[in-house]
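Inspection log for the structure reproduced underneath, given as structure tokens.
Indexing begins at 1, ligand by ligand and atom by atom, following the structure's order.
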Amino acid sequence: MTLAIAVLASGRGSNLQAIMDAIENKTLDAVVKIVLSDKENAKALDRAREKGIKAVFISPKDFAQKIDYEEAMLQEIKEHHCNLICLAGYMRILSPYFVQNAPCRIMNIHPSLLPSFPGLHAHQQALDYGVKYSGCTVHFVDEGMDSGAIIFQEIVEILPDDTEDSLSERILIKEHQIYPKAIQAFGEGRLRQEGRKVIIQDN
Ligand code: GRF
């Protein structure tokens with residue numbers, strides 16, 4: 001079954017692009033039904049529209065409460081019968097309301113080896129800490145911040161002269177590989193969660 005995806009993005013949208021490219025080159029059997037953003041000028045919205053995908057800016061400022069804003073997003077997601085929600089650089093923390101009322105699972109990509117360096121500025125956190133390796137993580141979203149069960153991780157070596165930019169550039173290459181791969185494994189029904197562990201069945 002082709003997976004119907006909703007993507008939530010706030011910025012440049014390179015992970016969204018990787019997902020759309022993987023669909024186009026048939027390594028990912030999915031369709032992006034809708035892209036939602038909390039930022040009117042998000043490049044992610046342009047990238048989606050270029051591909052003829054519905055892209056909607058929903059302004060959090062138009063809603064009195066966060067859950068009303070999130071309910072508006074959930075309505076869009078439900079109307080499009082999505083069976084996976086992918087966060088791709090979505091810069092707001094989802095409330096427990098969203099997570100509990102989502103019609104399907106939610107995935108996220110984070111630019112560190114979780115549980116190290118959750119939250120903002122993950123690359124700088126890794127550099128400041130002095131770790132020798134960092135990387136990226138695709139995980140299911142739960143009610144915490146970057147705390148859901150881990151699906152895939154990829155390692156990137158930290159070089160002596162690395163800056164936030166140079167490290168983020170190398171990690172991004174890996175992000176673009178593992179996110180579509182994780183989505184495909186989910187679509188094929190190959191991800192089984194037992195407690196915190198996600199078991200990936202062979203295809
Ligand atoms: C990526 O580094 C992702 O890991 C993090 O936010 C960034 C989004 O980049 N969650 P992009 O908008 O997909 O280019």
Side-chain angles (χ1 to χ4, degrees), residues 5-24 27-28 30 32 34-51 53 55-58 60 73 84-95 98-99 102 105-129 131 133-158 162-184 186:
I5 310 176
V7 177
L8 272 53
S10 302
R12 114 196 110 171
S14 71
N15 277 289
L16 165 68
Q17 190 68 53
I19 292 167
M20 295 189 303
D21 291 348
I23 291 171
E24 215 160 85
T27 52
L28 174 56
V32 179
I34 187 155
V35 174
L36 297 170
S37 184
D38 58 328
K39 294 272 185 280
E40 192 164 19
N41 299 321
K43 191 161 177 229
L45 291 172
D46 298 333
R47 290 183 194 260
R49 288 178 187 133
E50 269 166 34
K51 298 276 178 195
I53 293 167
V56 183
F57 159 60
I58 303 180
M73 291 203 292
L84 181 67
I85 299 168
C86 295
L87 309 186
Y90 181 68
M91 297 308 285
R92 282 169 196 272
I93 295 170
L94 295 173
S95 74
F98 186 99
V99 177
R105 304 264 358 223
I106 310 167
M107 267 188 205
N108 183 38
I109 178 118
H110 182 78
S112 74
L113 295 175
L114 290 171
S116 292
F117 317 127
L120 293 175
H121 308 297
H123 311 94
Q124 194 59 52
Q125 289 187 56
L127 291 171
D128 291 346
Y129 199 93
V131 291
Y133 292 90
S134 190
C136 48
T137 304
V138 181
H139 63 92
F140 284 123
V141 171
D142 63 10
E143 291 177 24
M145 190 180 59
D146 299 327
S147 59
I150 290 169
I151 303 167
F152 278 119
Q153 292 187 303
E154 194 62 60
I155 296 167
V156 172
E157 187 175 5
I158 295 188
D162 260 333
T163 61
E164 198 174 4
D165 283 350
S166 64
L167 178 60
S168 105
E169 217 173 278
R170 291 205 311 289
I171 291 179
L172 202 58
I173 294 169
K174 301 285 188 186
E175 292 184 34
H176 296 165
Q177 294 165 0
I178 63 170
Y179 209 1
K181 203 169 114 185
I183 298 167
Q184 177 63 16
F186 177 82

Would a distance-only check, ignoring hydrogens and angles, find a side-chain to backbone donor-acceptor pair under 3.5 Å from Arg49 to Ala55?
yes
Any atom of ligand 1 sitting under 4.0 Å from a heavy atom of Ala9?
no
Looking at every non-hydrogen atom in both residues, tell me the closest pair between Ala126 and Ile158 and how far apart they are.
CB-CD1, 4.2 Å
Is there any N or O on Gly13 that sits under 3.5 Å from an N or O of ligand 1?
yes
Ser14-His176 side chain donor-acceptor pair, cut-off 3.5 Å:
yes
Among all the protein's non-hydrogen atoms, which is closest to atom 2 (O) of ligand 1, and how far away is it?
Glu175 OE2, 3.1 Å
Atom 9 (O) of ligand 1 sits nearest the protein heavy atom Arg12 NH2, 3.1 Å
Heavy-atom closest contact (Gly119 atom, Asp146 atom, distance):
N-OD2, 2.8 Å
What I want to know is whether Ile109 and ligand 1 share at least one N or O pair that is separated by under 3.5 angstrom.
yes
Calculate, to the nearest 0.5 Å, the distance between atoms OG and CD belonging to Ser112 and Gln153 respectively.
8.0 Å
N/O of Asn108 under 3.5 Å from N/O of ligand 1, yes or no?
no
Identity and separation of the nearest protein heavy atom to atom 11 (P) of ligand 1:
Ser14 N, 3.4 Å
Within the structure, does Asn15 bring an N/O atom to less than 3.5 angstrom of an N/O atom in ligand 1?
yes
Note, Phe117 side chain near Val131 side chain (heavy atom, < 4.5 Å)
yes
Please check if the side chain of Ser134 supplies one atom and the backbone of Val156 the other of a donor-acceptor pair under 3.5 Å.
no
Residue, atom and distance of the protein heavy atom nearest atom 8 (C) of ligand 1 read Gly89 CA, 3.5 Å
